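The model shown is predicted, which means the values in this text are computed figures rather than measured ones.
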Amino acid sequence: MTRFLLVCPPLVSHVRAFEAVGEALVARGHAVAFLLNAGGGALVGSPRVAVWETGAFEPGPALTDRPTGLFGILRTVREGAARTASLCREGPGLAARWGAEAVLADQMEPAGALLAEHQGVPFLSIAAALPIDPDPAIPSPFLGWPFDPSPEGRKRNRGGERVARLLLRRQRETLRAACFDLGLRPRERMEDCLSPLATLSQTVPGFDYPRPDASRLHALGPFRARGGAGEELPFRRDRARPLVFASLGTLQGHRLGVFQAVARACRRIGAQLAVAHCGRLSAAEAGLIDADVVTDFLPQRAVLAEADLCVSHAGLNTVLDAMEAGVPVLALPIAYDQPGVAARLLHHGAGLRLSHRRLHAGEVADALALMLRDPSFRRNAARIGREILSAGGSEAAADWAERLLVSPVPARAREPEPA
(Lines give C-alpha, C1' and ligand atoms only; values in the text may rest on other atoms or scores of the structure.)
Protein backbone atom coordinates (compact mmCIF):
# COMPACT_ATOMS: atom_id res chain seq x y z
CA MET A 1 0.00 0.00 0.00
CA THR A 2 1.19 3.50 -0.89
CA ARG A 3 -0.15 6.70 0.65
CA PHE A 4 -1.00 9.08 -2.22
CA LEU A 5 -1.56 12.81 -1.75
CA LEU A 6 -3.67 14.60 -4.38
CA VAL A 7 -3.08 18.35 -4.79
CA CYS A 8 -5.30 20.39 -7.11
CA PRO A 9 -7.19 23.71 -7.21
CA PRO A 10 -10.56 23.77 -5.40
CA LEU A 11 -12.48 23.75 -8.69
CA VAL A 12 -15.21 21.20 -9.41
CA SER A 13 -13.84 19.87 -12.70
CA HIS A 14 -10.33 19.40 -11.28
CA VAL A 15 -11.51 17.77 -8.05
CA ARG A 16 -13.77 15.39 -9.98
CA ALA A 17 -10.91 14.25 -12.23
CA PHE A 18 -8.54 13.73 -9.29
CA GLU A 19 -11.25 11.98 -7.30
CA ALA A 20 -11.79 9.47 -10.13
CA VAL A 21 -8.07 8.61 -10.17
CA GLY A 22 -8.04 8.48 -6.38
CA GLU A 23 -10.96 6.05 -6.33
CA ALA A 24 -9.14 3.81 -8.81
CA LEU A 25 -6.10 3.80 -6.53
CA VAL A 26 -8.20 3.07 -3.44
CA ALA A 27 -9.74 0.10 -5.24
CA ARG A 28 -6.20 -1.25 -5.69
CA GLY A 29 -5.51 -1.08 -1.97
CA HIS A 30 -3.79 2.28 -1.67
CA ALA A 31 -4.62 5.10 0.75
CA VAL A 32 -5.54 8.43 -0.85
CA ALA A 33 -6.02 11.93 0.54
CA PHE A 34 -6.69 15.36 -0.94
CA LEU A 35 -4.76 18.43 0.14
CA LEU A 36 -6.99 21.40 -0.71
CA ASN A 37 -7.42 25.04 0.16
CA ALA A 38 -9.98 25.89 2.83
CA GLY A 39 -13.49 25.00 1.70
CA GLY A 40 -12.35 22.71 -1.11
CA GLY A 41 -13.21 19.58 0.84
CA ALA A 42 -16.90 20.24 0.23
CA LEU A 43 -16.31 19.32 -3.43
CA VAL A 44 -15.08 15.82 -2.58
CA GLY A 45 -17.85 13.26 -2.65
CA SER A 46 -15.99 10.01 -2.05
CA PRO A 47 -16.10 8.66 1.51
CA ARG A 48 -13.02 6.55 0.72
CA VAL A 49 -10.75 9.54 0.07
CA ALA A 50 -9.50 11.59 3.03
CA VAL A 51 -9.37 15.39 2.92
CA TRP A 52 -6.83 17.75 4.46
CA GLU A 53 -7.51 21.47 4.17
CA THR A 54 -5.37 24.51 4.74
CA GLY A 55 -7.05 27.01 7.01
CA ALA A 56 -5.55 30.33 6.01
CA PHE A 57 -7.12 31.07 2.65
CA GLU A 58 -10.40 32.74 1.80
CA PRO A 59 -11.34 31.92 -1.81
CA GLY A 60 -13.27 35.14 -2.42
CA PRO A 61 -15.71 35.78 -5.26
CA ALA A 62 -13.20 35.17 -8.03
CA LEU A 63 -13.52 31.40 -7.65
CA THR A 64 -17.21 31.52 -8.49
CA ASP A 65 -17.61 34.57 -10.72
CA ARG A 66 -14.64 35.14 -12.98
CA PRO A 67 -14.60 38.49 -14.76
CA THR A 68 -13.12 38.47 -18.25
CA GLY A 69 -10.59 40.73 -19.93
CA LEU A 70 -7.33 41.99 -18.46
CA PHE A 71 -8.85 42.64 -15.03
CA GLY A 72 -10.18 39.10 -14.91
CA ILE A 73 -6.80 37.63 -15.85
CA LEU A 74 -4.98 39.59 -13.16
CA ARG A 75 -7.62 38.69 -10.59
CA THR A 76 -7.38 35.02 -11.49
CA VAL A 77 -3.58 35.13 -11.20
CA ARG A 78 -3.81 36.86 -7.81
CA GLU A 79 -6.25 34.26 -6.48
CA GLY A 80 -4.14 31.39 -7.79
CA ALA A 81 -1.00 32.80 -6.23
CA ALA A 82 -2.78 33.16 -2.87
CA ARG A 83 -3.93 29.54 -3.02
CA THR A 84 -0.41 28.36 -3.82
CA ALA A 85 1.10 30.39 -0.98
CA SER A 86 -1.40 28.94 1.49
CA LEU A 87 -0.68 25.36 0.43
CA CYS A 88 3.08 25.91 0.61
CA ARG A 89 2.81 27.39 4.12
CA GLU A 90 0.65 24.70 5.69
CA GLY A 91 1.09 21.82 3.27
CA PRO A 92 4.41 20.46 4.59
CA GLY A 93 2.97 19.82 8.03
CA LEU A 94 -0.25 18.32 6.68
CA ALA A 95 1.58 16.11 4.17
CA ALA A 96 3.88 14.86 6.94
CA ARG A 97 0.91 14.11 9.22
CA TRP A 98 -0.73 12.15 6.41
CA GLY A 99 2.51 10.31 5.73
CA ALA A 100 2.46 11.04 1.99
CA GLU A 101 4.65 8.67 -0.01
CA ALA A 102 3.70 9.87 -3.50
CA VAL A 103 1.98 12.95 -4.92
CA LEU A 104 -0.33 13.56 -7.86
CA ALA A 105 0.05 17.27 -8.61
CA ASP A 106 -2.28 19.32 -10.79
CA GLN A 107 -0.37 21.31 -13.41
CA MET A 108 -2.47 24.35 -12.43
CA GLU A 109 -1.36 24.11 -8.78
CA PRO A 110 2.45 24.21 -8.57
CA ALA A 111 2.34 23.74 -4.80
CA GLY A 112 1.88 20.01 -5.39
CA ALA A 113 5.29 19.70 -7.04
CA LEU A 114 7.00 21.88 -4.44
CA LEU A 115 5.52 19.90 -1.56
CA ALA A 116 6.55 16.59 -3.13
CA GLU A 117 10.12 17.79 -3.55
CA HIS A 118 10.17 19.20 -0.01
CA GLN A 119 8.91 15.86 1.38
CA GLY A 120 11.39 13.93 -0.76
CA VAL A 121 8.71 11.83 -2.47
CA PRO A 122 8.10 11.21 -6.20
CA PHE A 123 5.24 12.89 -8.03
CA LEU A 124 3.39 12.91 -11.34
CA SER A 125 1.85 15.94 -13.03
CA ILE A 126 -1.85 15.71 -13.83
CA ALA A 127 -3.32 17.81 -16.65
CA ALA A 128 -6.97 18.12 -15.65
CA ALA A 129 -7.14 21.03 -18.12
CA LEU A 130 -5.22 21.23 -21.40
CA PRO A 131 -1.59 20.22 -20.79
CA ILE A 132 0.92 23.05 -20.41
CA ASP A 133 3.95 20.89 -21.28
CA PRO A 134 6.18 23.17 -23.38
CA ASP A 135 6.42 22.77 -27.14
CA PRO A 136 7.67 25.67 -29.29
CA ALA A 137 5.08 24.93 -31.99
CA ILE A 138 2.11 24.87 -29.60
CA PRO A 139 0.67 28.13 -28.24
CA SER A 140 -0.29 28.47 -24.61
CA PRO A 141 -3.63 26.74 -23.89
CA PHE A 142 -4.89 30.04 -22.52
CA LEU A 143 -4.73 31.50 -26.02
CA GLY A 144 -7.10 30.62 -28.84
CA TRP A 145 -4.38 30.62 -31.47
CA PRO A 146 -4.30 28.04 -34.28
CA PHE A 147 -1.54 25.49 -34.65
CA ASP A 148 1.28 26.92 -36.77
CA PRO A 149 4.64 25.11 -36.63
CA SER A 150 6.23 27.55 -39.11
CA PRO A 151 8.99 29.96 -38.02
CA GLU A 152 6.39 32.72 -37.97
CA GLY A 153 4.10 30.66 -35.77
CA ARG A 154 6.88 29.83 -33.35
CA LYS A 155 7.85 33.50 -33.17
CA ARG A 156 4.24 34.37 -32.38
CA ASN A 157 4.19 31.77 -29.61
CA ARG A 158 7.35 33.23 -28.07
CA GLY A 159 5.67 36.63 -28.09
CA GLY A 160 2.67 35.16 -26.30
CA GLU A 161 5.00 33.71 -23.66
CA ARG A 162 6.57 37.12 -23.06
CA VAL A 163 3.15 38.70 -22.56
CA ALA A 164 2.13 35.88 -20.23
CA ARG A 165 5.28 36.44 -18.20
CA LEU A 166 4.23 40.04 -17.60
CA LEU A 167 0.72 39.03 -16.58
CA LEU A 168 1.95 36.28 -14.25
CA ARG A 169 4.25 38.48 -12.16
CA ARG A 170 2.35 37.69 -8.94
CA GLN A 171 2.68 33.97 -9.57
CA ARG A 172 6.43 34.27 -10.20
CA GLU A 173 6.90 36.16 -6.95
CA THR A 174 4.89 33.56 -5.04
CA LEU A 175 6.87 30.63 -6.47
CA ARG A 176 10.20 32.30 -5.76
CA ALA A 177 9.19 32.98 -2.16
CA ALA A 178 7.81 29.46 -1.65
CA CYS A 179 10.97 27.84 -3.00
CA PHE A 180 13.09 29.97 -0.69
CA ASP A 181 10.94 29.12 2.35
CA LEU A 182 10.97 25.40 1.53
CA GLY A 183 14.69 25.30 0.81
CA LEU A 184 14.22 24.30 -2.83
CA ARG A 185 15.97 25.39 -6.01
CA PRO A 186 14.34 28.55 -7.37
CA ARG A 187 11.68 28.44 -10.06
CA GLU A 188 9.16 30.92 -11.39
CA ARG A 189 6.72 29.26 -13.80
CA MET A 190 4.18 26.46 -13.58
CA GLU A 191 6.14 24.79 -16.38
CA ASP A 192 9.16 24.71 -14.05
CA CYS A 193 7.12 22.58 -11.64
CA LEU A 194 6.24 19.71 -14.00
CA SER A 195 7.15 16.18 -12.95
CA PRO A 196 10.37 14.83 -14.47
CA LEU A 197 8.64 11.44 -14.68
CA ALA A 198 5.45 12.10 -16.64
CA THR A 199 2.32 14.13 -17.21
CA LEU A 200 -0.99 12.27 -17.25
CA SER A 201 -3.52 14.14 -19.39
CA GLN A 202 -7.29 13.93 -19.83
CA THR A 203 -6.96 14.67 -23.53
CA VAL A 204 -6.41 12.14 -26.30
CA PRO A 205 -3.82 12.66 -29.07
CA GLY A 206 -6.56 13.07 -31.68
CA PHE A 207 -7.92 16.14 -29.89
CA ASP A 208 -4.63 17.91 -29.16
CA TYR A 209 -2.31 19.72 -31.53
CA PRO A 210 0.46 17.51 -33.00
CA ARG A 211 3.29 16.87 -30.54
CA PRO A 212 6.38 15.33 -32.21
CA ASP A 213 7.88 14.54 -28.80
CA ALA A 214 5.24 13.32 -26.37
CA SER A 215 7.47 10.83 -24.57
CA ARG A 216 6.57 12.11 -21.09
CA LEU A 217 3.03 13.26 -21.89
CA HIS A 218 0.53 10.42 -21.70
CA ALA A 219 -2.88 11.32 -23.09
CA LEU A 220 -5.26 8.88 -21.41
CA GLY A 221 -8.74 10.29 -21.99
CA PRO A 222 -11.16 11.71 -19.41
CA PHE A 223 -10.66 10.79 -15.76
CA ARG A 224 -14.19 9.87 -14.68
CA ALA A 225 -15.95 7.90 -12.03
CA ARG A 226 -17.79 4.83 -13.26
CA GLY A 227 -21.26 5.25 -14.74
CA GLY A 228 -23.03 8.36 -15.99
CA ALA A 229 -23.64 7.58 -19.65
CA GLY A 230 -26.42 5.07 -19.02
CA GLU A 231 -28.73 7.37 -17.05
CA GLU A 232 -32.18 8.12 -18.40
CA LEU A 233 -33.15 11.52 -19.76
CA PRO A 234 -35.18 13.49 -17.20
CA PHE A 235 -37.22 15.06 -20.00
CA ARG A 236 -39.11 13.95 -23.09
CA ARG A 237 -37.02 13.86 -26.28
CA ASP A 238 -38.81 15.35 -29.29
CA ARG A 239 -37.70 13.09 -32.13
CA ALA A 240 -39.08 15.48 -34.73
CA ARG A 241 -36.54 18.16 -33.85
CA PRO A 242 -32.77 18.23 -33.39
CA LEU A 243 -31.73 18.38 -29.73
CA VAL A 244 -29.25 21.02 -28.56
CA PHE A 245 -27.65 20.80 -25.12
CA ALA A 246 -26.31 24.05 -23.64
CA SER A 247 -24.09 24.37 -20.56
CA LEU A 248 -21.55 26.98 -19.47
CA GLY A 249 -20.16 24.87 -16.64
CA THR A 250 -20.17 25.36 -12.90
CA LEU A 251 -18.45 28.78 -12.91
CA GLN A 252 -20.08 30.56 -15.85
CA GLY A 253 -23.69 29.34 -15.67
CA HIS A 254 -24.85 32.76 -14.45
CA ARG A 255 -24.58 34.27 -17.94
CA LEU A 256 -28.29 34.73 -18.62
CA GLY A 257 -27.81 36.75 -21.79
CA VAL A 258 -25.79 33.98 -23.43
CA PHE A 259 -28.46 31.38 -22.69
CA GLN A 260 -31.17 33.71 -24.00
CA ALA A 261 -29.32 34.22 -27.28
CA VAL A 262 -28.88 30.46 -27.67
CA ALA A 263 -32.56 29.90 -26.90
CA ARG A 264 -33.66 32.43 -29.54
CA ALA A 265 -31.33 30.78 -32.05
CA CYS A 266 -32.76 27.33 -31.36
CA ARG A 267 -36.27 28.68 -31.89
CA ARG A 268 -35.19 30.06 -35.27
CA ILE A 269 -33.88 26.71 -36.50
CA GLY A 270 -36.65 24.65 -34.89
CA ALA A 271 -34.40 22.83 -32.42
CA GLN A 272 -35.26 21.47 -28.98
CA LEU A 273 -33.03 23.09 -26.35
CA ALA A 274 -32.03 21.72 -22.94
CA VAL A 275 -30.16 24.18 -20.69
CA ALA A 276 -28.19 23.27 -17.55
CA HIS A 277 -27.12 26.40 -15.65
CA CYS A 278 -25.42 24.43 -12.82
CA GLY A 279 -27.31 26.27 -10.08
CA ARG A 280 -25.99 29.69 -11.08
CA LEU A 281 -29.39 31.21 -11.96
CA SER A 282 -32.36 31.93 -9.73
CA ALA A 283 -35.74 30.46 -10.61
CA ALA A 284 -36.87 33.87 -11.85
CA GLU A 285 -33.80 34.21 -14.09
CA ALA A 286 -34.17 30.68 -15.43
CA GLY A 287 -37.76 31.50 -16.33
CA LEU A 288 -36.51 34.18 -18.72
CA ILE A 289 -34.85 31.58 -20.98
CA ASP A 290 -37.22 30.47 -23.77
CA ALA A 291 -35.96 26.87 -23.89
CA ASP A 292 -37.74 23.52 -23.72
CA VAL A 293 -35.80 22.47 -20.61
CA VAL A 294 -34.09 24.82 -18.16
CA THR A 295 -32.72 23.35 -14.95
CA ASP A 296 -29.71 23.41 -12.66
CA PHE A 297 -28.13 20.08 -13.52
CA LEU A 298 -28.70 17.40 -16.13
CA PRO A 299 -26.93 14.02 -16.53
CA GLN A 300 -24.53 15.47 -19.07
CA ARG A 301 -23.26 12.31 -20.74
CA ALA A 302 -26.77 10.89 -20.97
CA VAL A 303 -28.11 14.07 -22.60
CA LEU A 304 -25.18 14.24 -25.01
CA ALA A 305 -25.79 10.62 -26.01
CA GLU A 306 -29.14 11.85 -27.38
CA ALA A 307 -28.10 15.32 -28.54
CA ASP A 308 -27.32 16.52 -32.05
CA LEU A 309 -25.31 19.58 -30.99
CA CYS A 310 -23.72 21.06 -27.88
CA VAL A 311 -23.26 24.73 -26.98
CA SER A 312 -20.50 25.10 -24.40
CA HIS A 313 -18.03 27.48 -22.78
CA ALA A 314 -15.42 25.06 -24.17
CA GLY A 315 -14.63 23.55 -20.79
CA LEU A 316 -12.46 20.51 -21.43
CA ASN A 317 -14.69 18.02 -19.61
CA THR A 318 -17.87 19.10 -21.41
CA VAL A 319 -16.13 19.07 -24.80
CA LEU A 320 -14.61 15.62 -24.24
CA ASP A 321 -18.04 14.33 -23.18
CA ALA A 322 -19.48 15.76 -26.41
CA MET A 323 -16.71 14.21 -28.49
CA GLU A 324 -17.28 10.83 -26.82
CA ALA A 325 -20.90 11.03 -27.98
CA GLY A 326 -19.88 12.20 -31.46
CA VAL A 327 -21.60 15.56 -30.95
CA PRO A 328 -20.17 18.75 -32.56
CA VAL A 329 -19.70 21.75 -30.27
CA LEU A 330 -20.39 25.44 -30.72
CA ALA A 331 -17.73 26.90 -28.42
CA LEU A 332 -18.16 30.19 -26.55
CA PRO A 333 -14.81 30.35 -24.68
CA ILE A 334 -14.69 32.63 -21.64
CA ALA A 335 -11.64 31.98 -19.44
CA TYR A 336 -8.85 29.59 -18.37
CA ASP A 337 -7.89 27.11 -21.12
CA GLN A 338 -11.23 27.44 -22.90
CA PRO A 339 -9.79 29.45 -25.83
CA GLY A 340 -7.29 26.64 -26.40
CA VAL A 341 -10.01 23.99 -26.25
CA ALA A 342 -12.09 25.95 -28.77
CA ALA A 343 -9.06 26.29 -31.06
CA ARG A 344 -8.61 22.51 -31.03
CA LEU A 345 -12.26 22.01 -31.96
CA LEU A 346 -11.65 24.20 -35.00
CA HIS A 347 -8.36 22.48 -35.81
CA HIS A 348 -10.02 19.07 -35.93
CA GLY A 349 -13.23 20.24 -37.64
CA ALA A 350 -15.38 19.09 -34.73
CA GLY A 351 -17.02 22.43 -33.94
CA LEU A 352 -17.22 26.16 -34.42
CA ARG A 353 -16.34 29.13 -32.22
CA LEU A 354 -18.09 32.42 -31.47
CA SER A 355 -17.32 35.17 -28.99
CA HIS A 356 -19.52 35.15 -25.89
CA ARG A 357 -19.43 38.94 -25.86
CA ARG A 358 -22.47 40.64 -27.40
CA LEU A 359 -23.68 37.29 -28.66
CA HIS A 360 -26.46 37.56 -31.26
CA ALA A 361 -29.11 34.92 -31.89
CA GLY A 362 -28.59 35.22 -35.64
CA GLU A 363 -24.92 34.22 -35.57
CA VAL A 364 -25.68 31.37 -33.18
CA ALA A 365 -28.49 30.14 -35.45
CA ASP A 366 -26.20 30.27 -38.49
CA ALA A 367 -23.48 28.30 -36.72
CA LEU A 368 -25.89 25.66 -35.40
CA ALA A 369 -27.56 25.30 -38.79
CA LEU A 370 -24.19 24.85 -40.51
CA MET A 371 -23.16 22.08 -38.12
CA LEU A 372 -26.48 20.32 -38.58
CA ARG A 373 -26.23 20.63 -42.37
CA ASP A 374 -22.59 19.60 -42.82
CA PRO A 375 -22.00 15.95 -41.78
CA SER A 376 -18.22 16.45 -41.54
CA PHE A 377 -18.59 18.04 -38.11
CA ARG A 378 -20.26 14.96 -36.70
CA ARG A 379 -17.81 12.61 -38.45
CA ASN A 380 -14.85 14.44 -36.97
CA ALA A 381 -16.38 14.49 -33.49
CA ALA A 382 -17.14 10.77 -33.76
CA ARG A 383 -13.54 10.05 -34.79
CA ILE A 384 -12.27 11.75 -31.64
CA GLY A 385 -15.00 9.98 -29.66
CA ARG A 386 -13.80 6.56 -30.75
CA GLU A 387 -10.34 7.42 -29.48
CA ILE A 388 -11.78 8.54 -26.14
CA LEU A 389 -13.77 5.32 -25.81
CA SER A 390 -10.62 3.24 -26.34
CA ALA A 391 -8.49 5.31 -23.95
CA GLY A 392 -7.85 4.12 -20.44
CA GLY A 393 -9.03 7.16 -18.46
CA SER A 394 -8.73 7.06 -14.69
CA GLU A 395 -7.79 3.36 -14.63
CA ALA A 396 -4.89 4.00 -16.98
CA ALA A 397 -3.85 6.96 -14.82
CA ALA A 398 -3.84 4.65 -11.79
CA ASP A 399 -1.70 2.18 -13.77
CA TRP A 400 0.89 4.85 -14.50
CA ALA A 401 0.82 6.07 -10.90
CA GLU A 402 1.53 2.57 -9.62
CA ARG A 403 4.26 1.87 -12.16
CA LEU A 404 6.08 5.18 -11.79
CA LEU A 405 5.50 6.02 -8.14
CA VAL A 406 4.90 2.82 -6.19
CA SER A 407 7.84 0.72 -7.42
CA PRO A 408 10.18 3.04 -9.32
CA VAL A 409 12.58 1.21 -11.64
CA PRO A 410 15.11 2.45 -14.19
CA ALA A 411 13.53 4.56 -16.92
CA ARG A 412 14.03 2.08 -19.78
CA ALA A 413 12.40 -0.72 -17.83
CA ARG A 414 9.43 1.12 -16.45
CA GLU A 415 7.63 2.14 -19.67
CA PRO A 416 4.25 0.37 -19.78
CA GLU A 417 2.40 -0.17 -23.00
CA PRO A 418 0.42 2.95 -23.99
CA ALA A 419 -3.20 2.83 -22.76
Could you walk me through whether Phe245 and Leu309 satisfy the side-chain contact (heavy atoms from CB on, under 4.5 Å) test, starting with their C-alpha distance in whole Å, then the side-chain angles of each, then the deciding distance to 0.1 Å, before giving a yes or no?
CA-CA 6 Å; Phe245 171 63; Leu309 297 174; over 6 Å; no
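- Because its NZ or CZ atom is both nearer than 6.0 Å to the ring centre of Trp98 and within 45° of the ring axis, Arg3 counts as a cation-pi partner of that residue.
- Judged purely by atom type and a 3.5 angstrom limit, Arg189 has no side-chain atom pairing as donor or acceptor with the backbone of Leu168.
- Partners of Pro146 by side-chain contact (heavy atoms from CB on, under 4.5 Å), not counting sequence neighbours, listed by chain and number: Arg156.
- Judged purely by distance below 3.5 Å, without hydrogens or angles, the side chains of Thr199 and Gln107 pair a donor atom with an acceptor atom.
- A salt bridge links Arg239 with Glu306: the distance from a Lys NZ or Arg NE/NH1/NH2 to an Asp or Glu carboxylate oxygen falls below 4.0 Å.
- Below 30°, between 30° and 60°, or above 60°: for Phe34 and Phe18 the angle between ring planes is between 30° and 60°, a tilted geometry.
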Pair Leu251-Tyr336, side-chain contact (heavy atoms from CB on, under 4.5 Å): steps then yes or no:
CA-CA 11 Å; Leu251 296 181; Tyr336 299 111; 3.7 Å; yes
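- Judged by distance alone, the side chains of Ser247 and Thr318 never bring a donor and an acceptor atom under 3.5 Å apart.
- Ring centroids of His277 and Phe259 are separated by 6.0 Å or more, keeping the two rings apart.
- A donor-acceptor contact under 3.5 angstrom links the side chains of Thr84 and Glu109, judged on distance only.
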Run Gln300 and Asp321 through side-chain hydrogen bond (donor to acceptor under 3.5 Å, both in side chains) and show every step you take.
CA-CA 8 Å; Gln300 181 164 283; Asp321 283 348; 2.8 Å; yes
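- With sequence neighbours left out, Asp366 forms a side-chain hydrogen bond (donor to acceptor under 3.5 Å, both in side chains) with no residue at all.
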